[in-house]
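Take a look at the structure set out below.
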Amino acid sequence: RSIAEEQYRAQEQAEIDPISGLLRGDAFRQMYELSLEQQGTREQEGDRSVLVAFDLDKFKDINETIGHAEADKILKQIGETIQSATRAYDFASRIGGDEFVILLNRVGKDTDVLSLIERVALKISKITWRPREGAEPAGITFSVGYTVIPAGDKRFFEATRKEADK
């Protein structure tokens, strides 16, 4: 491999969570800030950004019950689900063990956000796991919230994420 290819792979590994396939927290924060800068101060319809937060319920218990390897497969499925629902100019991240965020850019209507949340929620709700061999499959439960980021709003990522997580 060339040096450039090695550098690209190293940067990708630093930016991408190997389990979910989504951006790591630091890379997401950079894209978040860059997106808000590019959004500028225009107040046009369709030029809003929205932060969506998915928080898995009791995932630590699932992790301890089925083991890290099996729990990681669930996180991978969730990452793939989120990635498939976003557009090229949206960004998604696994920012904690059981928390995912999506930055939607160029959002015109709240119904666009609700439609995405509905698609992702439906797919996540179909993911199952077995608490023990022979047991009935159990589903993944989660909470979800979102907040519209007004044009020109330069609040830090954590403050906005807390708003979406309410």
Side-chain angles (χ1 to χ4, degrees), residues 5-36 48-133 135-149 157-158 160-162 164-165:
E5 193 175 357
E6 291 293 332
Q7 288 175 332
Y8 174 79
R9 290 195 188 287
Q11 182 176 353
E12 184 178 66
Q13 287 176 346
E15 293 177 352
I16 303 295
D17 171 44
I19 295 171
S20 68
L22 302 175
L23 291 173
R24 290 183 190 258
D26 288 341
F28 182 83
R29 282 179 187 87
Q30 289 175 349
M31 296 309 296
Y32 174 89
E33 290 172 7
L34 181 63
S35 291
L36 290 185
R48 299 182 302 161
S49 294
V50 175
L51 186 69
V52 180
F54 284 88
D55 194 2
L56 306 181
D57 298 331
K58 300 180 182 176
F59 195 75
K60 182 179 178 188
D61 296 340
I62 295 171
N63 205 358
E64 290 173 0
T65 302
I66 63 175
H68 294 294
E70 290 301 310
D72 286 355
K73 289 178 185 176
I74 293 171
L75 295 173
K76 180 178 173 64
Q77 285 181 286
I78 293 170
E80 289 170 350
T81 296
I82 290 171
Q83 192 67 46
S84 71
T86 57
R87 303 163 296 179
Y89 43 84
D90 298 328
F91 303 99
S93 175
R94 176 175 162 229
I95 58 170
D98 61 357
E99 190 172 358
F100 297 82
V101 290
I102 307 168
L103 178 64
L104 301 173
N105 291 297
R106 303 182 204 162
V107 175
K109 301 173 282 200
D110 285 353
T111 54
D112 297 338
V113 177
L114 297 175
S115 176
L116 174 126
I117 289 172
E118 201 172 88
R119 284 192 317 272
V120 172
L122 181 64
K123 288 182 179 181
I124 291 174
S125 69
K126 291 181 180 180
I127 297 171
T128 60
W129 61 284
R130 292 188 187 272
R132 62 188 174 286
E133 183 112 9
E136 289 294 314
I140 305 295
T141 60
F142 54 90
S143 53
V144 62
Y146 77 94
T147 187
V148 175
I149 305 165
F157 170 73
E158 290 301 321
T160 307
R161 186 177 67 84
K162 286 177 185 170
D165 207 21

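Every heavy atom of this structure was used, including side-chain atoms; hydrogens, water molecules and symmetry mates were not.
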Study note, to complete from the structure: Ala85 and Val120 have their tightest heavy-atom pair at CB-CG2, 3.5 Å
Review point. Could you state the interatomic distance from CD1 (Ile95) to CZ (Phe54), rounded to the nearest 0.5 Å?
Key: 12.5 Å
Study note, to complete from the structure: One should read off an interatomic distance between Arg29 CZ and Glu33 CD, to the nearest 0.5 angstrom, of 9.0 Å
Exercise for review: Can you see which heavy atom on Val148 is nearest to which on Arg48, and at what distance?
Suggested key: CG1-NH1, 3.7 Å
Study note, to complete from the structure: In terms of heavy-atom contacts, Ser20 and Phe100 come closest through CB-CE2, 4.1 Å
Review point. Just by distance, do the side chain of Asp17 and the backbone of Leu23 share a donor-acceptor pair under 3.5 Å?
Key: no
Practice item. Any chance you could lay out the side-chain contact (heavy atoms from CB on, under 4.5 Å) test for Ile82 and Lys123, step after step, and finish with the verdict? Key: CA-CA 9 Å; Ile82 290 171; Lys123 288 182 179 181; over 6 Å; no
Study note, to complete from the structure: On a heavy-atom basis, the closest approach of Ser143 and Asp57 is N-OD1, 3.9 Å
Revision key, fill the gap. Heavy-atom closest pair (Val52 atom, Ile117 atom, distance to 0.1 Å) is CG1-CG1, 3.9 Å
Study note, to complete from the structure: Rounded to the nearest 0.5 Å, the CG atom of Leu56 sits from the CD1 atom of Ile127 at a distance of 8.5 Å
Point to revise | Thr65 side chain reached by Lys58 side chain, heavy atoms, under 4.5 Å | key: no
Check your understanding: Mind checking whether Lys109 and Leu114 have side chains closer than 4.5 Å, heavy atoms only?
Key -> no
Check your understanding: Among all residues two or more places apart in sequence or in another chain, which pass the side chain to side chain donor-acceptor pair (under 3.5 Å) test with Arg130?
Key -> none
Exercise for review: Check whether any side-chain heavy atom of Phe28 sits under 4.5 Å from a side-chain heavy atom of Phe91, and report yes or no.
Suggested key: yes
Exercise for review: Could you tell me whether the side chain of Tyr146 reaches within less than 4.5 Å of the side chain of Val107, counting heavy atoms only?
Suggested key: no
Check your understanding: Given side chains that start at C-beta, do those of Ile62 and Asp98 come closer than 4.5 Å, heavy atoms only?
Key -> no
Check your understanding: Atom CD1 of Ile140 and atom OG1 of Thr128: how far apart are they, to the nearest 0.5 Å?
Key -> 8.0 Å
Review point. Taking side chain as C-beta onward, heavy atoms only, is Arg94 less than 4.5 Å from Ile19?
Key: yes
Check your understanding: Charged N to carboxylate O below 4.0 Å: is that the case for Arg106 and Asp112?
Key -> no
Review point. Minimum heavy-atom separation for Ser93 to Gly25, with atom names?
Key: OG-N, 3.8 Å
Study note, to complete from the structure: Taken in chain and number order and not counting sequence neighbours, the residues that satisfy side-chain contact (heavy atoms from CB on, under 4.5 Å) with Lys126 are Leu122
Point to revise | Residues, nucleotides or ligands: over 12 heavy atoms within 6.0 Å of Arg132 CZ | key: no
Would you give me the side-chain donor-acceptor pairs under 3.5 Å for residues 68-75, sequence neighbours excluded?
residue: His68; atom: ND1; partner: Asn63; partner atom: OD1; Å: 3.0
residue: His68; atom: ND1; partner: Asn63; partner atom: ND2; Å: 3.2
residue: Glu70; atom: OE2; partner: Lys73; partner atom: NZ; Å: 3.0

Review point. Atom OH in Tyr32, atom CG in Leu103: separation rounded to 0.5 Å?
Key: 7.0 Å
Exercise for review: In plain terms, say whether Glu80 and Lys76 are close enough for a salt bridge, that is, a side-chain N and a carboxylate O under 4.0 Å apart.
Suggested key: yes
Exercise for review: Look only at the side chain of Arg119 and the backbone of Thr81, and say whether a donor-acceptor pair between them is shorter than 3.5 Å.
Suggested key: no
